[in-house]
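Naming: A, B, ... by sequence-line order, numbering from 1 per chain.
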There are 2 protein chains.
Amino acid sequence: MSRLKKKRATITDIAREAGTSISTVSYVLNDGPKPVSKENRKKILDVVHRLSYTPDMVARGLKRRRTMSLGVIFPDMTNTYFPEILRGILEITQHEKYNIMLRNASQSVAAQNDCIRDLLSQRVDGFIIRPIAGSQVPAILCDSGIPFVVVDRSERGWKRYDSVSLNNRKAISTAVEMLVREGHESIALITGPRETGTSIERVNGFMDASDLHRLREDKCRVLYGKYSVETGRDSVHTILNENPGISAVVTASTAITFGAIQELRRQEMRISVEMSLVAYGYSKWLTLLFPPVTTIEQPVVEMGRRAVHILLQCIEKEDSGSRVREIIDPVIIDGVSHQSNF
Amino acid sequence: MSRLKKKRATITDIAREAGTSISTVSYVLNDGPKPVSKENRKKILDVVHRLSYTPDMVARGLKRRRTMSLGVIFPDMTNTYFPEILRGILEITQHEKYNIMLRNASQSVAAQNDCIRDLLSQRVDGFIIRPIAGSQVPAILCDSGIPFVVVDRSERGWKRYDSVSLNNRKAISTAVEMLVREGHESIALITGPRETGTSIERVNGFMDASDLHRLREDKCRVLYGKYSVETGRDSVHTILNENPGISAVVTASTAITFGAIQELRRQEMRISVEMSLVAYGYSKWLTLLFPPVTTIEQPVVEMGRRAVHILLQCIEKEDSGSRVREIIDPVIIDGVSHQSNF
DNA sequence: CTGAAAGCGCTTACAG
DNA sequence: CTGAAAGCGCTTACAG
């Protein structure tokens, strides 16, 4: 149980034991850049195995000027949305032998800058960043010359950089269309803050569909709030009080959806019967509610995967090529038929 | 937009510009181990700022033999349980200026070993590991002499090491007691695999309470399955068919709970009226269901926090001191009163 | 208070 | 096919 740090074998140990130079050891460890004779290779590999040698990636990183690690910055960690993106990121990075260094910017631009500075100090090879709402691209990030890709938002200055985001506009217009097709003419959208890019996109989607199907403006309604449970709850409350004609609701985030359902149940409104609901969100729990809620799914894991792909492109081919701007379409999950998947 | 990697300033650049030796630069950067004159300090700090120098943590890590990073290994990432633990871990590590290197062991012992080997190669200063169910402590981990702490499980060989886990036994007995106090005498527990340590603990908790309150064995029932939605669904189905006398259910995980609720709703059983339910789980969504479900919360975020604390103790004070074995008590969340928190 | 020098564990251009 | 040597960017014991 002693915690004495037994010193690990180094390339020098291997060389000594195998009776070669450290260069030769390195050549076999890296399969190059020089060839090594069969005998030496075997001798070296034997020793490597016997001493259970693992190369020191720190030393290698210093020498190669490549750490094989990516900085990942999210505005917070309490939101379950970000762990989902992370899952997608991790899936690819682990496969590609990259490390990620995760940071929480605590919803503050200052903290976000600290994270960037810190990660620069760690010598990450690239960044994946979900910007704080309304923030500008930090000078420190641009100046570094390190490639980065923006996920989930592309507002303001960020627009000029590689990014991957969701097709929020199409998602909401699809939701509305589904309801129209079911015969609804009086539909409400519950969405986030009025000024946020993502919310504007959602409202545009709502407009697209209501224009297309000539829904009467006075029979529809957009309610702004936050992407939160409270907003879902309060908005449903408002709708039931102020707009009794509304027969269907589109909820623009997972949290809003849970809040909305909660309030509908509390008011003993039977979902799908007295009030129809289409949810835009990502939580696997969402599809598990009963009665099943039709969900337009945010492919949030996929967003993480794509971000890594784009970033590794930038890092590995040093092409300062053209900007990549991916927009991921939503996935429609019919509440009822989806049940069988679980 | 050119991606030419502008070479970063090094300590040598700073020394040259400030007209001092690199030693002196290092002394001010580290506030020691030698004192530096006011003038030199100022000159150096000016240059540091002007060149926006950030120390190369890779080089520093190599020299200091300390990377300030912790390896974190989970058996999978699709389960939303692990991101919650991660959140707790990250909260502390970020504050303590540690990095984490996250790995997914894909529910395989072989992959788990690969992760350990890999992280050893990365020269992490310690490990936090949630072992694969039923796995033994990998020799490679013990032999490394690197400190580690086990989270969430403490079966088999793992028992001998620092760990932090949940008081699953107490959680379930508490759940049962709450139901007994409400007058229930015929209670079912829906839990995970019969052999797993965590499941055994839960069943023991169930026994504790039913013994204490002299519940008749033939009126109660324990249903084994997986910690999954399907198990929740199927078990409720079974109970309703085979044990019509049962008036209350304790669900032993979040996923089981969602499955159970889904099935109860589908069968049009009114929760709390025709069937009472106490859930053991962690998802914030859980408390948002309506009618509100009384929840025994798994303090899963706290588990992450504690794990880091213990590990940093081991790393920073090199005491090969006695084993730490923390067991975290559950938190009771009364469904109804909790509503106001959102 | 200051600095020259060794060294952390690697990679690789260079010479043989 | 092999190896001696320089160097990646730091820290720190040692000497002054």
Side-chain angles (χ1 to χ4, degrees), chain A residues 5-45 47-48 51-69 118 120-125, chain B residues 5-45 47-48 51-69 97 118 120-125 144:
Chain A
K5 266 195 188 120
K6 48 204 67 169
K7 62 186 76 63
R8 311 179 226 232
T10 70
I11 205 175
T12 313
D13 300 323
I14 307 295
R16 186 177 6 81
E17 297 280 312
T20 69
S21 73
I22 62 167
S23 310
T24 307
V25 176
S26 176
Y27 298 150
V28 356
L29 254 26
N30 295 298
D31 245 332
K34 290 291 162 62
V36 174
S37 68
K38 274 239 159 36
E39 313 90 271
N40 270 344
R41 158 166 278 115
K42 182 172 172 1
K43 265 194 284 182
I44 288 168
L45 288 177
V47 178
V48 161
L51 305 188
S52 60
Y53 166 82
T54 53
D56 185 323
M57 302 309 276
V58 178
R60 182 178 280 179
L62 177 61
K63 183 64 195 169
R64 285 201 187 153
R65 325 265 34 217
R66 269 292 232 76
T67 56
M68 302 295 281
S69 64
D118 165 25
L120 249 14
S121 213
Q122 303 284 349
R123 301 304 188 247
V124 294
D125 296 331
Chain B
K5 265 197 190 118
K6 49 204 66 170
K7 61 186 74 61
R8 310 178 227 233
T10 70
I11 206 174
T12 314
D13 299 322
I14 307 295
R16 187 177 4 81
E17 297 279 313
T20 70
S21 74
I22 61 167
S23 311
T24 307
V25 176
S26 176
Y27 298 149
V28 357
L29 254 27
N30 295 299
D31 245 331
K34 290 291 161 63
V36 175
S37 69
K38 275 238 157 35
E39 313 89 272
N40 269 344
R41 159 166 278 113
K42 181 173 172 3
K43 264 194 286 183
I44 287 168
L45 288 177
V47 178
V48 162
L51 304 189
S52 60
Y53 166 83
T54 53
D56 185 322
M57 303 308 278
V58 179
R60 182 177 282 177
L62 177 61
K63 182 63 196 172
R64 286 200 187 154
R65 325 266 35 216
R66 269 290 233 78
T67 55
M68 301 295 282
S69 64
K97 306 290 182 201
D118 166 24
L120 248 16
S121 213
Q122 303 285 347
R123 299 305 187 244
V124 294
D125 297 330
S144 73

Subject >> Rounded interatomic separation in angstrom, taking CE from B:Met68 and P from D:dC10 >> reply: 17 Å

Original post:
Roughly how far, to the nearest 0.5 Å, is the CG atom of B:Leu45 from the CG atom of B:Leu29?
Top reply: 8.0 Å

Original post:
With a 4.5 Å limit on heavy-atom distance, are the side chains of A:Gln122 and B:Thr54 in contact?
Top reply: no

Original post:
In whole angstroms, how far is the P atom of C:dC8 from the CZ atom of A:Arg60?
Top reply: 18 Å

**OP:** Check the pair B:Asp125 / B:Arg65 against salt bridge (Lys or Arg N to Asp or Glu O under 4.0 Å), numbers first and verdict last.
**Re:** CA-CA 9 Å; B:Asp125 297 330; B:Arg65 325 266 35 216; over 6 Å; no

Subject >> Polar pair under 3.5 Å, donor/acceptor by atom type, side chain B:Lys63, base D:dG9 >> reply: no

Original post:
Within this structure, what is the CG-to-P distance between B:Asp31 and C:dC1, rounded to whole angstrom?
Top reply: 13 Å

Subject >> Rounded distance [0.5 Å steps], NZ in A:Lys42 versus OG in A:Ser37 >> reply: 12.5 Å

Original post:
Whole Å only: how far is the CD1 atom of B:Ile44 from the P atom of C:dT2?
Top reply: 8 Å

Subject >> Rounded P spacing from C:dC10 to C:dC14 in Å >> reply: 24 Å

Original post:
Which part of the nucleic acid does B:Thr12 contact within heavy-atom distance under 4.0 Å: base, sugar-phosphate only, or nothing?
Top reply: nothing

Original post:
If we take the P atom in both C:dC1 and C:dA5, what is their distance in whole Å?
Top reply: 24 Å

**OP:** Nearest whole angstrom, please: distance from the P of D:dT11 to the CD1 of B:Ile11.
**Re:** 5 Å

Original post:
Has B:Arg65 got a side-chain N or O lying under 4.0 Å from the OP1 or OP2 atom of C:dG9?
Top reply: yes

Original post:
Can you tell me if the side-chain N/O atoms of A:Ser21 get under 4.0 Å from OP1 or OP2 in D:dT2?
Top reply: no

Original post:
Has A:Asn40 got a side-chain N or O lying under 4.0 Å from the OP1 or OP2 atom of D:dC1?
Top reply: no

**OP:** For B:Ile22, answer base if it contacts any base atom (sugar-phosphate contacts may also be present), sugar-phosphate if it contacts only those atoms, and nothing otherwise; contact means non-hydrogen atoms under 4.0 Å.
**Re:** base

Original post:
Atom CZ of A:Arg8 and atom OG of B:Ser121: how far apart are they, to the nearest 0.5 Å?
Top reply: 8.5 Å

Original post:
NA contact type, B:Thr10, heavy-atom cut-off 4.0 Å: base, sugar-phosphate, or nothing?
Top reply: sugar-phosphate

**OP:** To the nearest Å, give me how far apart CG (B:Asp13) and C1' (D:dC8) are.
**Re:** 13 Å

Subject >> Complementary nucleotide for C:dC1 - Watson-Crick or wobble, under 3.5 Å >> reply: D:dG16

Subject >> Nearest listed nucleotide, side chain of B:Leu62, among D:dC10, C:dC8, C:dT12 >> reply: C:dC8

Subject >> Contact under 4.0 Å: B:Ser23 side-chain N or O vs C:dT2 OP1/OP2 >> reply: no

Subject >> Interatomic spacing from CD in A:Glu39 to OG1 in A:Thr20 - rounded to 0.5 Å >> reply: 12.5 Å

**OP:** Determine the interatomic distance between P on D:dT2 and the same-named atom on D:dA6; round to the nearest Å.
**Re:** 23 Å

Original post:
Would you say a side-chain N or O of B:Thr24 is under 4.0 Å from OP1 or OP2 of C:dG3?
Top reply: yes

Subject >> Protein-nucleotide distance (B:Arg66, atom CZ; C:dG9, atom P), rounded to Å >> reply: 16 Å

Original post:
Could you give the distance from CE (B:Met57) to CZ (A:Arg123), rounded to the nearest 0.5 Å?
Top reply: 9.5 Å

Original post:
Start at the 5' end of DNA chain C and walk down; is the nucleotide closest to A:Leu29 or to B:Ser37 reached first?
Top reply: B:Ser37

**OP:** Give the nucleotide from the list C:dG3, C:dG9, D:dT12 with an atom nearest to the side chain of A:Asp56.
**Re:** C:dG9

**OP:** Please state how far atom CZ in A:Arg64 lies from atom P in C:dC8, giving the value in whole angstrom units.
**Re:** 20 Å

Original post:
A:Tyr53 has a side chain; which of D:dC10, C:dC10, C:dT12 sits nearest to it?
Top reply: C:dC10

Original post:
Under 3.5 Å, is there a donor-acceptor pair linking the side chains of B:Ser23 and B:Ser26?
Top reply: no

Original post:
What nucleotide, of C:dT12, C:dT11, D:dC1, holds the atom closest to the side chain of A:Pro33?
Top reply: C:dT12

Short heteroatom pairs, N/O only, protein and nucleotides 14-16 of chain D, under 3.5 Å:
{"unit_1": "D:dC14", "atom_1": "N4", "unit_2": "B:Lys34", "atom_2": "NZ", "d": "2.7"}

Original post:
Between B:Lys63 and B:Asp56, is the closest basic N to carboxylate O distance under 4.0 Å?
Top reply: no

